[in-house]
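Presented below is the structure to which this report refers.
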Amino acid sequence: MRGSADDGLNEVKFRDPARARALAGALTRLTRAIDRRPISVMHVCGSHEQAIAKFGLRASFPRALDVIMGPGCPVCITDVPEVDEAVVLARQGVRVATYGDMLRVPGTVASLADARAEGAKVDVVYSVSQAVELARGLDEELVFFASGFETTAVATAAVILADPPTNFSVLSAHKYIPPVMEIVAEMPSSRVEGFLAAGHAATITGWGVFEPFVARHGVPVVVAGFEPLDILAGLVQLLEIILEGTPRVVNAYPRCVTREGNLAAQQKLWKVFRPVGGRWRGIAHVPNGNLRLKDEWAAYDARKRFAIDLSGLWDYAPSALTSQCICGDIMAGISSPSDCELFGRDCVPESPVGACMVSSEGTCKIWHQYGGHPDLTTVSV
Amino acid sequence: MPGRVVSIEGLRANVDFFGVRRTVRLDVVDEPIAVGDYILNHVGFAIRRIPESEIRETLALYEQLLREAETDIMAADVRSEIEAGD
Ligand code: SF4
Ligand code: SF4
């Protein structure tokens with residue numbers, strides 16, 4: 001098998017415990033040197049939170065360092081009306097395909113899983129190309145409910161440009177990350193002193209995209225990958241910048257990210273999509289934060305192809321619990337899952353109340369699965 | 001996780017992710033991909049060819065961070081701890 005000991009890509013090298021311990025030590029020393037606490041930094045990527053939880057990295061973070069998860073999970077930030085649109089379409093008898101995580105995300109009154117239980121045709125796919133192949137074999141219409149950030153939107157753009165069958169269309173709930181970082185940075189309650197940016201998204205957009213952001217907000221950004229050492233190294237660099245006091249962008253993921261990014265992918269993305277303002281679940285209206293199909297692709301735009309009438313939804317009463325969900329505060333970095341009354345009791349992965357408990361990249365689900373913030377008083381670094 | 005390209009047919013590659021084989025599309029990656037290359041996959045699409053040299057560069061970056069941490073802050077901190085008597 002590839003990835004043997006002398007192979008440059010041996011993943012183990014990115015998970016080397018000795019190096020990880022040394023980097024964690026550097027974090028502690030930097031935190032002491034900064035000598036102002038707590039120091040809050042935010043990552044905006046579900047995969048970062050997953051790695052932090054899975055490898056128990058939080059236990060090695062110094063107590064004075066708060067690494068919070070921002071609006072980084074594509075499932076969590078899909079807004080309720082977007083889920084409603086997909087549910088209404090499915091209930092109208094239109095076949096809907098989507099990524100597995102989207103199935104149980106609650107809309108106003110129902111999720112796609114609920115619609116499926118009622119008899120609606122809902123398919124789970126792991127890739128948009130799989131949805132296209134599915135459509136090719138069908139006589140009926142297939143709508144792909146497309147969620148995810150620029151990374152995933154690029155895949156959707158690619159299939160639209162590759163001439164999909166005419167019975168295929170897209171209900172886009174795609175989101176674009178850079179504008180939401182502006183929102184978080186501008187929140188009066190925000191204590192965020194630095195951002196760890198998502199390596200995958202930056203692979204597409206390039207790290208240069210964060211330069212104007214840093215200039216405007218005076219908050220440093222470090223682009224980091226997803227292996228434990230990538231994250232630790234990214235945090236070390238972020239703390240170094242905070243200590244120095246000269247905010248800038250640093251690329252701590254040079255094996256995948258360049259300054260310009262993947263130009264071919266950007267070109268496809270902006271050929272198919274245009275940014276529009278819209279809500280992110282629980283957070284706010286985000287100017288230019290949503291990606292919608294351009295008019296020239298109207299033939300593949302499910303919103304143009306079908307009359308999606310949400311008014312029928314108001315015949316059902318929304319769950320009383322939903323209003324207690326604090327996902328929005330969690331994604332803005334103001335609260336953590338343990339602050340939510342419903343966490344682990346009324347809201348569990350098997351029956352999620354909020355979106356954050358659904359996705360494998362959702363903070364509540366991850367905390368539920370891995371135990372969240374370990375008791376640092378019992379852990380020695 | 002990066003994967004290694006095993007075979008290519010048009011815009012589809014068969015990729016080995018540490019033992020798991022998957023089909024990955026090549027239409028959004030910005031460089032030509034050849035058998036043996038490593039790619040970064042996202043939802044079934046290759047988004048980047050990862051040159052081996054840059055993997056070594058990343059590992060070198062870790063080493064450098066560790067060294068710097070050791071010479072500057074770490075050493076200073078250890079010294080101050082010794083001086084403080086703990
Ligand atoms: S889509 Fe990519 S960048 Fe966004 S949360 Fe997932 S892994 Fe991170
Ligand atoms: S525990 Fe459930 S209800 Fe509470 S914030 Fe998380 S997802 Fe929402």
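Here is the naming used below: chain letters follow the sequence lines, and residue numbers restart at 1 for every chain.
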Pick from [options] with the largest number of heavy-atom pairs that fall under 4.5 Å of chain B:
options: Val154(A), Val128(A), Leu161(A), Asp230(A); value: Asp230(A)
options: Ala155(A), Gly225(A), Ala264(A), Pro254(A); value: Ala155(A)
options: Cys256(A), Gly261(A), Ala233(A), Ala252(A); value: Cys256(A)

### Message
Looking at Gln267(A), I'd like to know if its CD atom is crowded, meaning that more than 12 non-hydrogen atoms belonging to other residues, nucleotides or ligands lie closer than 6.0 Å.
### Response
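For Gln267(A), atom CD is not crowded (no more than 12 foreign heavy atoms under 6.0 Å).
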### Query
Do you know which of Val29(B), Val43(B), Asp27(B), Thr23(B) has the most heavy-atom pairs with chain A at a distance under 4.5 angstrom?
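Winner by heavy-atom pair count: Val43(B).
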### Task
Please flag which part of Ile204(A) lies under 4.5 Å from any non-hydrogen atom of chain B: side chain, backbone, both or neither.
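Only the side chain of Ile204(A) comes within 4.5 Å of chain B.
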### Query
Is chain B contacted by the side chain of Ala157(A), its backbone, both, or neither, given a heavy-atom distance below 4.5 Å?
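Looking at Ala157(A), nothing touches chain B.
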### Query
Closest approach of Ile241(A) and Pro220(A), non-hydrogen atoms and distance?
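For Ile241(A) and Pro220(A), the tightest heavy-atom pair comes out as CG2-CB, 3.7 Å.
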### Query
Where is the tightest heavy-atom contact between Ala51(A) and Phe226(A), given as atom of each residue plus distance?
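Where Ala51(A) meets Phe226(A) most closely, the heavy atoms are CB-O, 3.5 Å.
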### Message
Quick one, Ile231(A) and Leu235(A) - any side-chain contact, counting heavy atoms below 4.5 Å?
### Response
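Side-chain contact under 4.5 Å: yes.
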### Query
So, are Glu133(A) and Arg25(B) salt-bridged, with charged N and O less than 4.0 Å apart?
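Looking at Glu133(A) and Arg25(B), the cut-off is not met.
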